[in-house]
K.L.:
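Structure below; questions to follow.
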Amino acid sequence: MNLTDATLILLLAAHIHGTDEAIRASAKSVLKKLPRSKRDLIYKVIDSRSPLDLVNYLAQNLEAE
């Protein structure tokens, strides 16, 4: 798994469930599947007061390659 896959999982959790708890649970489930060097973003989502707002902010600022 790479960071793109993990970000997609968080975006889908936000779209489907729309709750902080669902996003936090999704982030925790992908955490150990990522290399240690790529876990910073996931830790920020888990520790955030409002993971839903953070993921929505990330979605608005994604750039297509």
Side-chain angles (χ1 to χ4, degrees):
M1 180 177 286
N2 58 29
L3 190 56
T4 304
D5 297 333
T7 305
L8 180 61
I9 290 168
L10 295 178
L11 292 171
L12 285 170
H15 181 72
I16 294 169
H17 300 289
T19 64
D20 290 336
E21 293 82 18
I23 295 170
R24 196 171 279 125
S26 297
K28 287 179 182 179
S29 73
V30 300
L31 188 64
K32 291 188 179 182
K33 297 173 186 167
L34 284 172
R36 290 188 192 272
S37 62
K38 305 291 183 188
R39 294 181 183 178
D40 292 340
L41 175 66
I42 305 302
Y43 281 125
K44 288 181 182 182
V45 171
I46 292 170
D47 295 337
S48 174
R49 278 190 201 174
S50 178
L52 181 59
D53 290 340
L54 181 58
V55 170
N56 285 335
Y57 176 77
L58 292 172
Q60 291 173 357
N61 294 303
L62 286 177
E63 293 183 15
E65 291 183 16

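Source: prediction; values computed, not measured.
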K.L.:
Among Leu3, Asp5, Thr4, exactly one meets side-chain contact (heavy atoms from CB on, under 4.5 Å) together with Thr7. Which residue is that?
P.N.:
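Going through Leu3, Asp5, Thr4 one by one, the side-chain contact (heavy atoms from CB on, under 4.5 Å) with Thr7 is satisfied by Leu3 alone.
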K.L.:
What's the separation between atom NE2 in His15 and atom CD1 in Ile23, rounded to the nearest 0.5 Å?
P.N.:
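His15 NE2 to Ile23 CD1: 12.0 Å, rounded to 0.5 Å.
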K.L.:
Calculate, to the nearest 0.5 Å, the distance between atoms OG and CG belonging to Ser26 and Leu31 respectively.
P.N.:
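With rounding to 0.5 Å, OG (Ser26) is 12.0 Å from CG (Leu31).
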K.L.:
In Å and rounded to the nearest 0.5 Å, what is the CG to CE distance from Leu8 to Met1?
P.N.:
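With rounding to 0.5 Å, CG (Leu8) is 9.5 Å from CE (Met1).
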K.L.:
Knowing that exactly one of Leu34, Asp47, Ile9 qualifies, which makes a side-chain contact (heavy atoms from CB on, under 4.5 Å) with Ile42?
P.N.:
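Between Ile42 and the candidates, side-chain contact (heavy atoms from CB on, under 4.5 Å) is satisfied uniquely by Leu34.
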K.L.:
Hydrophobic cluster membership, with links at side-chain heavy-atom distances under 4.5 Å among I/L/V/M/F/W/Y: are Leu62 and Leu12 in one?
P.N.:
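Shared cluster, no.
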K.L.:
Which atoms form the tightest heavy-atom contact between Arg49 and Arg24, and what is the distance?
P.N.:
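Minimum heavy-atom separation between Arg49 and Arg24: O-NH2, 4.1 Å.
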K.L.:
Which distance, rounded to the nearest 0.5 Å, do you find between the CG of Leu10 and the CG of Leu41?
P.N.:
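Reported value, rounded in 0.5 Å steps: 7.0 Å.
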K.L.:
List the steps, then state whether side-chain contact (heavy atoms from CB on, under 4.5 Å) holds for Thr19 with Leu52.
P.N.:
CA-CA 6 Å; Thr19 64; Leu52 181 59; over 6 Å; no
